[in-house]
Structure formats: structure tokens, C-alpha cells
Amino acid sequence: MKQIKTKDGSFTFFNEIYQEHYHSVSGALEEAVKKHVKPLNIENGMKILDFCFGLGYNAIVATKGHKNLKITGLEVDSKIIKEIKFLEVPEEINPEFVSFRDLAEKFEIKDRNNNLIKLIMGDALQTIDQLSANYFDRVFFDPFSPGKQPEMWSEEIFKKIYKKLKPGGRISTYSCARWIRKNMEKANFIILDGPVVGRKSPGTIGVKK
Ligand SMILES: C[S@@+](CC[C@H](N)C(=O)[O-])C[C@H]1O[C@@H](n2cnc3c(N)ncnc32)[C@H](O)[C@@H]1O
């Protein structure tokens with residue numbers, strides 16, 4: 001696959017099946033920082049579900065400056081995981097990326113700050129059922145867009161994710177579409193506006209009651 005440089009200098013890819021980039025072309029790294037990691041206030045020792053792991057930008061940014069995280073990544077496509085090995089990354093996440101590159105072969109790594117990242121490969125709509133209830137503090141929810149992949153954004157999947165979160169746990173996503181927020185509300189999430197990054201509309205943060 002061919003790396004595509006986004007406006008903040010970090011790289012993404014284009015998915016031919018969904019005809020969509022893996023990240024906002026306004027900045028792949030920026031999107032991870034501003035749409036997911038910062039608004040979710042990550043703290044040491046948290047358990048994080050990275051729903052649609054891709055190149056793992058959200059996970060790698062979460063590990064920066066943190067220790068003892070337990071990150072579980074769900075991903076269906078082993079080709080994108082293989083790309084982690086040789087991905088060019090900006091200077092600011094280069095140190096974190098050293099051990100992260102081994103994910104391409106090992107599917108489970110621990111970095112020098114005792115952050116554990118474990119991948120579960122397969123369709124996230126199914127593999128989510130393997131996870132424990134009331135276990136996660138945070139969820140990065142990052143499938144392809146609702147228009148391209150509506151099955152990922154259903155009330156049913158938000159209900160499943162809700163169960164996996166601890167009370168007070170939070171989910172981040174880049175979409176603010178009305179029907180997505182409705183599905184999240186039906187799953188019992190409290191809905192908050194996320195930050196506006198790259199596009200004109202805000203993302204969405206859901207909080208478990
Ligand atoms: C928008 S990209 C995610 C980008 C990623 N969070 C990152 O930081 O690089 C969407 C990802 O979801 C994955 N995906 C699509 N359908 C999936 C499914 N049913 N189960 C698990 N992963 C899926 C794709 O392979 C792709 O890597």
C-alpha cells in the first residue's frame with residue numbers, strides 16, 4: 001500500500017474497498033490527539049478499548065507520557081497491521097513507535113513504560129463479545145465513516161460497548177451525525193460535543209451513567 005502524507009506531516013493510507021482514507025487528510029496524528037486522546041483524559045493504569053485499531057495512532061498517542069495502560073485493539077485487516085512495521089512517523093511519537101513496530105509480527109507488546117497493547121484480530125462486531133463487562137475506562141471508536149460502513153455504528157454495537165465500559169467510562173468518536181448520536185443515546189450514553197478538528201463539525205463523546 002502507498003503511504004499518503006496528511007497536512008500535519010503524519011502518514012495515512014487509502015482503503016480501496018471503502019474508498020476512504022484511514023484518517024482525516026487534515027492530519028492523522030492530529031486527529032488521534034485532538035479527537036480521541038485529549039478529550040478522553042487518559043490516566044496511568046487505564047484500560048482502553050481501541051475499536052478499529054488500524055495503524056494504531058490512537059493507541060500510540062495514548063501511551064505517550066503514560067504508564068501501565070492496558071490497550072485492547074480490535075482490527076479485521078492484517079494488511080494494515082503489517083504496515084505498522086515500516087510506517088514513517090513524526091519525530092514526536094518516534095520513541096513510542098520503537099516497540100510498537102513489533103505489533104506487526106507479535107500482536108501483543110509491552111513498552112518500556114509497562115503499557116500493554118494486545119490485538120484481537122477478526123470482525124469487531126463479533127470479537128467484542130470476547131471482552132469482559134464493566135472492564136474498560138475508555139473506548140476509541142474509529143471505524144470508517146457511517147456512510148461507508150453503517151453496520152459499525154448501530155444501536156446494537158453501542159449497547160455492547162456500553163456494557164464493556166465501567167460506570168463513568170467514556171467513548172470518543174469523530175462523527176456527530178444525528179442518527180449516530182441517537183443510537184448512542186438509545187444505548188444509554190450521555191452525549192457531549194467533542195472538539196472541532198479538521199472538519200467543521202465537532203466529534204462526539206459518550207459517557208456511561
Ligand atoms: C478509520 S480506520 C481506523 C484508524 C485507526 N484508528 C488508526 O489510528 O490508525 C478504520 C479501521 O477499521 C478497520 N475495520 C473495518 N471494519 C472492521 C471490522 N468489521 N472489524 C474490525 N476492524 C474493522 C479497518 O481495517 C481500518 O483499519
Side-chain angles (χ1 to χ4, degrees), residues 1-6 8-40 42 48-64 69 71-90 92-93 96-97 100-101 103-104 107 115 117-131 136 138-154 156-158 160-161 164 171-175 177 180 194 197-199 203-204:
M1 288 205 279
K2 196 168 137 261
Q3 297 192 20
I4 297 159
K5 201 173 200 167
T6 68
D8 68 1
S10 59
F11 287 87
T12 189
F13 291 93
F14 185 75
N15 186 290
E16 295 292 342
I17 296 167
Y18 292 104
Q19 290 289 302
E20 195 164 281
H21 290 97
Y22 284 75
H23 305 89
S24 166
V25 288
S26 69
L29 186 62
E30 180 191 59
E31 188 175 35
V33 174
K34 295 189 179 166
K35 286 241 156 159
H36 293 282
V37 178
K38 272 204 174 154
L40 287 191
I42 306 299
I48 301 173
L49 175 61
D50 193 341
F51 190 96
C52 288
F53 188 85
L55 293 170
Y57 279 112
N58 299 332
I60 202 72
V61 172
T63 65
K64 197 171 170 63
L69 299 179
I71 302 177
T72 305
L74 304 185
E75 174 56 55
V76 74
D77 185 1
S78 54
K79 284 200 298 297
I80 194 73
I81 300 300
K82 295 259 174 291
E83 296 291 348
I84 293 172
K85 183 101 194 156
F86 302 107
L87 186 71
E88 281 182 57
V89 295
E92 62 214 88
I93 54 166
E96 286 75 20
F97 232 83
F100 199 70
R101 291 191 189 281
L103 266 182
F107 297 96
N115 295 305
I117 302 177
K118 181 182 165 187
L119 293 181
I120 301 178
M121 298 303 295
D123 183 352
L125 301 177
Q126 314 293 327
T127 54
I128 190 164
D129 294 335
Q130 301 172 19
L131 306 174
F136 292 98
R138 300 289 185 258
V139 179
F140 303 134
F141 187 77
D142 206 9
F144 288 117
S145 66
K148 294 284 167 72
Q149 220 184 1
E151 71 279 11
M152 304 302 280
W153 302 79
S154 68
E156 189 196 353
I157 199 71
F158 286 123
K160 285 189 179 185
I161 291 175
K164 308 299 175 187
I171 179 173
S172 58
T173 190
Y174 58 84
S175 175
I180 304 294
V197 185
R199 315 164 204 219
T204 301

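Both counts, for ligands and for their atoms, begin at 1 and track the order of listing.
Protein neighbours of ligand 1 below 4.0 Å, counting non-hydrogen atoms: Y22, H23, C52, F53, G54, L55, G56, Y57, N58, E75, V76, D77, I80, G122, D123, A124, D142, P143, F144, Q149, M152.
In summary, the aromatic rings of H21 and F13 are positioned with their centroids too far apart to meet the 6.0 Å limit. When ring centroids are compared, F144 and Y22 come within the 6.0 Å threshold.
T173 and S175 form no side-chain donor-acceptor contact under 3.5 Å, judged by distance and modelled atom types alone.
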(request) Show the numbers, then the answer: is there a side-chain contact (heavy atoms from CB on, under 4.5 Å) between V139 and K164? (result) CA-CA 9 Å; V139 179; K164 308 299 175 187; over 6 Å; no
(message) One pair to check against side-chain contact (heavy atoms from CB on, under 4.5 Å): S145 and Y174. What are the steps and the verdict?
(response) CA-CA 9 Å; S145 66; Y174 58 84; 4.0 Å; yes
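Ring planes of F158 and F141: tilted class, angle from 30 to 60°.
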